[in-house]
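This report concerns only the one structure given below.
A quick note: this is a predicted structure, and the numbers were derived from the prediction, not measured.
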Amino acid sequence: MADQSSAPVPAASTELWVERTGTRRYTGRSSRGAEVLIGSESVEGVFTPGELLKIALAACSGMSSDLPLSRRLGDNYDATIRVSGAADRENEVYPRLDEVLQVDLSELDAEAQERLLTVVLKSVDKVCTVGRTLKNGTVVNLTVETDS
């Protein structure tokens, strides 16, 4: 049996939380100092939770494709990842999310484009945690703590 006392200790993870700031309005915060405004669709200047889910997916795909694209196109390439998907309000789920990665590959010949896109798709499938979680599902547990 191996001595587990010498096992590497995982780095402390970033703490995340939301605080209610008004009716149907929250501010999401991280222990690294980031903030995002969250609310319902009727509130101006905020993201809905569903929009944040979609943005998280698009950002994860972008970050997962960044290395192979920058290796081939250089560090200053432009890319936009659009994500869409209508909510099924009866079941309160997004049954389908569609992403479109927009990137200029015109400097590459058709064969090089195809090879690069194959690598990009494999990279996203392998390392995009958000996409992998959505595709595979996850267990979500909610605990309520009260001041009583």
Side-chain angles (χ1 to χ4, degrees), residues 2 4 6-143:
Q4 293 192 0
S6 62
V9 177
S13 63
T14 301
E15 290 185 46
L16 303 171
W17 67 97
V18 297
E19 295 174 351
R20 187 173 190 266
T21 57
T23 303
R24 307 276 296 154
R25 242 187 120 89
Y26 289 77
T27 298
R29 302 184 190 281
S30 84
S31 58
R32 294 191 336 266
E35 292 184 349
V36 64
L37 302 178
I38 308 162
S40 63
E41 278 188 79
S42 62
V43 178
E44 286 296 315
V46 301
F47 290 105
T48 68
E51 290 167 342
L52 288 173
L53 174 76
K54 292 175 190 178
I55 286 173
L57 176 62
C60 191
S61 293
M63 293 174 69
S64 298
S65 64
D66 198 76
L67 187 59
L69 286 171
S70 64
R71 279 185 180 156
R72 191 63 176 94
L73 303 175
D75 286 334
N76 295 323
Y77 76 93
D78 292 324
T80 300
I81 299 94
R82 299 191 185 283
V83 61
S84 61
D88 170 352
R89 289 298 173 206
E90 184 175 318
N91 295 301
E92 287 300 334
V93 298
Y94 290 99
R96 177 186 178 124
L97 296 174
D98 294 306
E99 294 181 279
V100 177
L101 168 59
Q102 298 171 311
V103 62
D104 182 1
L105 301 181
S106 61
E107 68 182 47
L108 305 177
D109 64 39
E111 188 177 308
Q113 287 182 21
E114 189 174 323
R115 281 193 314 268
L116 179 57
L117 292 177
T118 298
V119 171
V120 164
L121 292 172
K122 284 181 182 179
S123 181
V124 171
D125 283 344
K126 183 177 179 181
V127 299
C128 177
T129 306
V130 175
R132 292 174 60 83
T133 299
L134 289 171
K135 289 175 185 175
N136 293 303
T138 192
V139 174
V140 177
N141 296 308
L142 172 65
T143 301

**Prompt:** Do the non-hydrogen side-chain atoms of V46 and R24 ever get within less than 4.5 Å of each other?
**Reply:** no

**Message:** Rounded to the nearest 0.5 Å, what separates atom CG in L73 from atom CG in D104?
**Reply:** 8.0 Å

**Complete:** R20 and T23 have their tightest heavy-atom pair at NH2-CA, 3.5 Å

**Asked** So which heavy atom on G62 is nearest to which on I81, and how close?
**Response** CA-CD1, 3.5 Å

**Request:** Give the minimum heavy-atom separation between V83 and E99, together with the two atoms involved.
**Result:** CG2-CG, 4.0 Å

**Heavy-atom neighbours of F47 CZ exceed 12 at 6.0 Å** = no

**Asked** Pick from I38, T27, L37: which one makes a side-chain contact (heavy atoms from CB on, under 4.5 Å) with T21?
**Response** T27

**Request:** Check the side chains of E15 and W17 for a donor-acceptor pair under 3.5 angstrom, ignoring hydrogens and angles.
**Result:** no

**Prompt:** Quick one: are L117 and L105 in side-chain contact, heavy atoms under 4.5 Å?
**Reply:** yes

**Request:** Inspect the surroundings of CD in E51 and state if more than 12 heavy atoms from other residues, nucleotides or ligands are less than 6.0 Å away.
**Result:** yes

**Request:** Can you measure from OG (S64) to CG (L121) and round to the nearest 0.5 angstrom?
**Result:** 11.5 Å

**Request:** Measure the shortest side-chain to side-chain distance between S61 and C128 over non-hydrogen atoms and say whether it is less than 4.5 angstrom.
**Result:** yes

**Request:** Using modelled atom types only, decide if a donor and an acceptor are shared between the side chain of K54 and the backbone of G85 within a distance under 3.5 Å.
**Result:** yes

**Closest approach of R132 to D125 (non-hydrogen atoms, all atoms of both residues)** = NH1-O, 2.9 Å

**Interatomic spacing from CZ in R72 to CG in L67 - rounded to 0.5 Å** = 14.0 Å

**Message:** Taking atom CD as the centre, does E92 end up with more than 12 heavy-atom neighbours from other residues, nucleotides or ligands that are less than 6.0 angstrom away?
**Reply:** yes

**Message:** Could you check whether any side-chain heavy atom of V120 comes within less than 4.5 Å of a side-chain heavy atom of V103, counting everything from C-beta outward?
**Reply:** no

**Item:** Stepwise side chain to side chain contact (heavy atoms under 4.5 Å, CB included) test for V18 and V36
**Value:** CA-CA 9 Å; V18 297; V36 64; over 6 Å; no

**Prompt:** How many angstroms lie between atom CG of D109 and atom CZ of R115, to the nearest 0.5 angstrom?
**Reply:** 6.5 Å

**Other residues, nucleotides, ligands: >12 heavy atoms within 6.0 Å of E19 CD** = yes

**Item:** Close side-chain approach of D78 and Q102, heavy atoms under 4.5 Å
**Value:** no

**Least distance between heavy atoms, E44 atom then R25 atom** = O-NH1, 3.8 Å

**Request:** Please report the closest heavy-atom contact between Y77 and S70, naming both atoms and the distance.
**Result:** CE2-N, 3.6 Å

**Prompt:** Rounded to the nearest 0.5 Å, how far does CG of L69 lie from CG of D75?
**Reply:** 11.5 Å

**Item:** From OG1 (T14) to CZ (R32), nearest 0.5 Å
**Value:** 4.0 Å

